[in-house]
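For reference, the structure discussed in these notes is given below.
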Amino acid sequence: MSEASGCSGNCSSCSSKGSCSKPQSLLEPANHLSEVKKVIGIVSGKGGVGKSMVTSSLAVMMQRRGFSTAILDADITGPSIPKMFGITGRAQGTELGIDPRLTSKGTEVMSVNLLLENTDDPVVWRGPVIAGTVKQFWSDVVWGEVDYMFIDMPPGTGDVPLTVFQSIPVDGIVIVTSPQDLVSMIVKKAKLMNVPIVGIVENMSYLVCPDCGKKIDIFGHSKLEQVAQETGLEILGRMPIDPTLAALCDEGKIEEMPVEYLEGAVEKLEALPKRKFEE
């Protein structure tokens, strides 16, 4: 059924569901009080590459440019976003939905450890439960009006990234890598799911000597240019090993980051085209 003949695009409430020849969307509806204009997934092929650091840095930088930002922490078994922003206590809810917590500068955050009795309680859940929680973070949280939502996803290509790609209208993903990491698997998965790749960020790219200012390749020569050429990805930036930034994260003060390493990334995000319904 076409839009001209009355199709709303919402298959869940359609009387022809199951018999319609039109491909059915698996997208979950957002909370009716939410208006999220852009959704950016932050992904990595493996853990330990600083994906949450990049997620938080992008949210801070976009917020400084006057955009309203939010972070959906989809790394259910390894949540770290609240700690980076110094958020403690539990999220509250009403009959309208769950209210996200706000950082000191106004970024909205929802993470599983904001719902636990103790924030350091381990989450030992099976895949379907974790995937369902991520969908609830999208549909049950009252996000309000958000210009850019960043989804911090767990590493790899398992249940959660698949759920996010299918259930949430992702406008693009940023791939985070380290100098010796390989990203071919996550690139192939994104292309298979027809998810646009904004580009690639290399974290822990180098260390600046505090005495002479020389850049030191701690993990050896970077393969970023080679990876970018082989995959056709755009390099969005390189983040060094910065003890000051790491200390701010440990103290819950990432919003005080003095250096913005990802200017190329935020410029690319600002240039993303609007969705069809926004034009």
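Residue numbers run from 1 in the order of the sequence given.
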For this session: Verify, without hydrogens or angle tests, whether N31 (side chain) and L96 (backbone) share a donor-acceptor contact under 3.5 angstrom.
Result: yes
For this session: Could you tell me whether a side-chain N or O of T133 sits under 3.5 Å from a main-chain N or O of V129, the two making a donor and an acceptor?
Result: yes
Problem set entry | Six-ring centre of Y148, K38 cation under 6.0 angstrom, axis tolerance 45° | no
For this session: Please confirm whether the backbone N or O of A131 pairs with a side-chain atom of T163, one donor and one acceptor, at under 3.5 Å?
Result: no
Exercise. Side chain of D152, backbone of D73: donor and acceptor closer than 3.5 Å?
Worked result: no
For this session: Let me know which of I151, I173, V164, L72 forms a side-chain contact (heavy atoms from CB on, under 4.5 Å) with V39.
Result: I151
Problem set entry | Connected via hydrophobic side-chain network under 4.5 Å: I71 and V36 | no
Exercise. Can you tell if the side chain of V109 reaches within under 4.5 Å of the side chain of L102, non-hydrogen atoms only?
Worked result: no
Exercise. Charged N to carboxylate O below 4.0 Å: is that the case for E202 and R238?
Worked result: yes
For this session: Indicate yes or no: at least one non-hydrogen side-chain atom of M149 is less than 4.5 angstrom from one of T69.
Result: no
For this session: Before accepting this row, confirm whether a basic side-chain N of the pair E260/R65 lies closer than 4.0 Å to the acidic partner's carboxylate O.
Result: yes
Problem set entry | Minimum side-chain heavy-atom gap F85-S104 below 4.5 Å | no
For this session: Over all heavy atoms of both residues, which pair between G213 and V208 is shortest? Give the atoms and the distance, please.
Result: O-CG1, 3.7 Å
Exercise. Backbone N or O of S52 within a donor-acceptor pair of the S56 side chain at under 3.5 Å?
Worked result: yes
Problem set entry | Test log, rule side chain to side chain contact (heavy atoms under 4.5 Å, CB included), inputs V142 and I98 | CA-CA 6 Å; V142 183; I98 305 171; over 6 Å; no
Exercise. Less than 4.5 Å apart, any side-chain heavy atom of L114 and any of P82?
Worked result: yes
Exercise. Is the backbone of A91 close enough, under 3.5 Å, to the side chain of R101 for a donor and an acceptor to pair up by distance?
Worked result: no
Problem set entry | V60 and its side-chain contact (heavy atoms from CB on, under 4.5 Å) partner, picked from K105, E255, M84 | E255
Exercise. Just wondering, do N203 and K51 contact through their side chains at under 4.5 Å, heavy atoms?
Worked result: no
Exercise. Can you find a heavy atom in the side chain of W143 that is under 4.5 Å from one in the side chain of P100?
Worked result: yes
For this session: Examine distances only and state if a side-chain atom of S205 and a backbone atom of S178 form a donor-acceptor pair shorter than 3.5 Å.
Result: no
Exercise. Are the side chains of Y261 and D242 in touch, meaning some heavy atoms are under 4.5 Å apart?
Worked result: yes
Exercise. Distance only, no hydrogens: is a donor on one side chain within 3.5 Å (strictly under) of an acceptor on the other, for E225 and Q229?
Worked result: no
Exercise. Taking the side chain as C-beta and beyond, is there a heavy-atom pair between P179 and H221 under 4.5 Å?
Worked result: no
Problem set entry | Carboxylate-amine/guanidinium contact K268 E234, below 4.0 Å | yes
